[in-house]
Amino acid sequence: MVDLKDLRENPEKYRRGAELKGVKVDIDQVLRVDEQHRSAQREFERYRAEQNEASKLIGKIKDASEKQASIARVADLKWKVKDAEERAKAAETLVQPLLLQIPQPPDADVPVGKDAGDNVVLYRWGQPRKFDFAPRSHIELGEALGILDFGAGVKIAGSRSYFLKGAGAELHQAILRLALDLMVYEKGFTQMTVPVLVREVAMKGTGFFPAGREQAYRVGEPDETGEDVRYLTGTAEVGLTAYQMHEENEAPRISEADLPLKYVAVSTCFRREAGTYGKDTAGLYRVHQFDKCEQVVVCRNDVEESKKWHVEMLSYSEEVLKRLNLPFRVIQCCTGDIGVKNASMMDIETWMPSRQNAKDPESGYGETHSASRLYEFQARRLNLRYKGADGKIRYCHTLNNTVVASPRILIPILENYQNADGSVTIPEVLRPYMGGRERIEKGK
RNA sequence: GGAGAGGUGGCAGAGUGGUUGAAUGCGCCGGUUUCGAAAACCGGUCUGCCCGAAAGGGUAGCGGGAGUUCGAAUCUCCCCCUCUCCGCCA
């Protein structure tokens, strides 16, 4: 959520921001409704002040008939108060949903662009492998080795579903564990187990709703209050970021000394992938259910510090890929591709031989990581605030990034580590998590 | 699922219709004292929104919502949550 006060003072900034992101919003409408709300509120407060003053005096009046007269006089105010209050409330309930739709303006260092085609490659690491045989896709490899089963997945769970079997499942767990261990034991993150079935507030608070509502699976039937409805999260970012969520009138429980909060969690992620019909339908690339090791940092309200963490968190993800010796490139996403929530976003794309297009030697990189810098956007919705050393209360900044998501990461692993005979060499760093095995071979 | 108890400030815990944002204690911050510290003593210490350049003022908040009343933490109704006991399940 953007700052309403700032929106009032600098509407142009938000108009421009929405335009850069390609999001249609009516800023003037928000300002109009907000003004209605505030003028009604002022009226309400003026009448209420009068009423409170008069009521206070009534309590002191001893004479019965005089008291009755005063009560009769004040009674009239009661209706004026009620009327103004209702108008204020009505306008306020209109402001909120409008405000939730206004995107965070992209940061100044984000390149202007329409869509993913305008993203900028920042740098690369590793050399794509030159095969001296015709490389197979992870689908061919996995099915031949008996470690991936898409047929059973589709039969049991529908499209974009799969089974990982034997060494496939082992590899999946090994990579998640590698990532988690790096974050916990080397980078000092606090490991969490988070709810993946959450209430609407958590989805709204983290900025996935209302804009991305169609991407989430809804679970349960609404009762009269709607409270029985839950949502399956598409990332542990929801649980990790919302963890310190506060009520609006609550004093902050976080103090500056507690920051930064560094959380990591592995969770199962669920995505409807609405609007992607026909895109990446085969294989492990775009699936409805997967597991992801996610990192979240909640830091001080300081743009420079946010930027520093953004790069730092990105380096942790790179570290995982480097240890796996998988070639990748880092992308600075453009204004049209960073989504409603983000001030900036950088992706890591890992080289996947099967995605390489013979005509384009630059192709073959597929997104495996996404690092977001959100400044106050989520913190405002979640009321994530802290008391500064100076006593002032500020909103935190939040950031998040994939450490590794599997089975998508199995694509580059299987494809890059394949041998001419169809076997797959297990990356050295994963062997300790797989009983010391070195190769995945058919039937073994 | 059945029976009971309860949800008040950072924490503990008073308060059952009239200057109650709310006693008291603890904690925290500042000061006095001390060579320094502890103890003791004194003072301060919630948050949102609105108005204001600021100082400050107004308003709202005692689990949430609705109601009664001139006036509600206190009364009524609905909902949510927590705890204890019993049952059931893992």
Roughly how many Å apart are [M] and [N], using the [atom1] atom of each and rounding to a whole number?
N     : M     : atom1 : result
B/G87 : B/G10 : C1'   : 39 Å
B/A12 : B/C50 : P     : 32 Å
B/A22 : B/U47 : P     : 14 Å
B/C75 : B/U16 : C1'   : 9 Å
B/G27 : B/U34 : P     : 23 Å
B/C80 : B/G64 : C1'   : 7 Å
B/G63 : B/C81 : P     : 16 Å
B/A3  : B/C78 : P     : 15 Å

Watson-Crick or G-U wobble partner for [N], using a 3.5 Å limit on both distances?
N     : answer
B/C28 : B/G44
B/C49 : B/G58
B/A23 : none
B/G1  : B/C86
B/G6  : B/C81
B/A14 : none
B/A39 : none
B/G67 : B/C75

Short side-chain N/O contact to [N] OP1/OP2 from [X], under 4.0 Å:
X      : N     : value
A/R42  : B/C51 : yes
A/K387 : B/U47 : yes
A/R38  : B/C51 : yes
A/Q41  : B/U59 : no
A/N52  : B/U59 : yes

Separation of atom [atom1] in [X] from atom [atom2] in [N], rounded to whole Å:
X      : N     : atom1 : atom2 : value
A/L384 : B/U47 : CG    : P     : 17 Å
A/R46  : B/G58 : CZ    : C1'   : 11 Å
A/E9   : B/C50 : CD    : P     : 11 Å
A/E53  : B/G57 : CD    : P     : 14 Å
A/Y47  : B/A60 : OH    : C1'   : 19 Å
A/E43  : B/C51 : CD    : C1'   : 15 Å
A/E85  : B/C49 : CD    : P     : 18 Å
A/R385 : B/C49 : CZ    : P     : 8 Å

Would you call A/K89 and A/E86 a salt bridge, using N to O less than 4.0 angstrom?
no
Is a salt bridge present between A/K21 and A/D337, judged by a nitrogen-to-oxygen distance below 4.0 Å?
no
Side-chain donor-acceptor contact under 3.5 Å, [X] with [Y]:
X      : Y      : answer
A/D347 : A/S370 : yes
A/Y47  : A/D83  : no
A/N119 : A/Q332 : no

Could you please spell out the steps behind the side-chain contact (heavy atoms from CB on, under 4.5 Å) verdict for A/L321 and A/I409?
CA-CA 9 Å; A/L321 294 176; A/I409 197 68; 3.8 Å; yes
Counting only heavy atoms from other residues, nucleotides and ligands, does the tally under 6.0 Å from NZ of A/K187 exceed 12?
yes
More than 12 heavy atoms from other groups under 6.0 Å of CZ on A/F209
yes
The side chain of A/K78 is closest to which nucleotide in this list: B/C70, B/G48, B/C50?
B/C70
Do the numbers put A/R199 on top of the ring of A/Y231, so that NZ or CZ is under 6.0 Å from the six-membered ring centre and no more than 45° off the axis?
no
Cation-aromatic face contact A/K155/A/F163, 6.0 Å, 45 degrees
no
At under 4.0 Å between heavy atoms, what does A/R8 touch on the DNA or RNA strands: base, sugar-phosphate, or nothing?
sugar-phosphate
Assert: residue with more 5' nearest nucleotide on RNA chain B, out of A/D34 and A/R48, is A/D34
Quick check on RNA chain B: between A/K5 and A/I393, whose nearest nucleotide comes earlier from the 5' end?
A/I393
Under 4.0 Å protein heavy-atom contact, by nucleotide of nucleotides 8-25 of chain B - B base, S sugar-phosphate only:
--SS------B-------
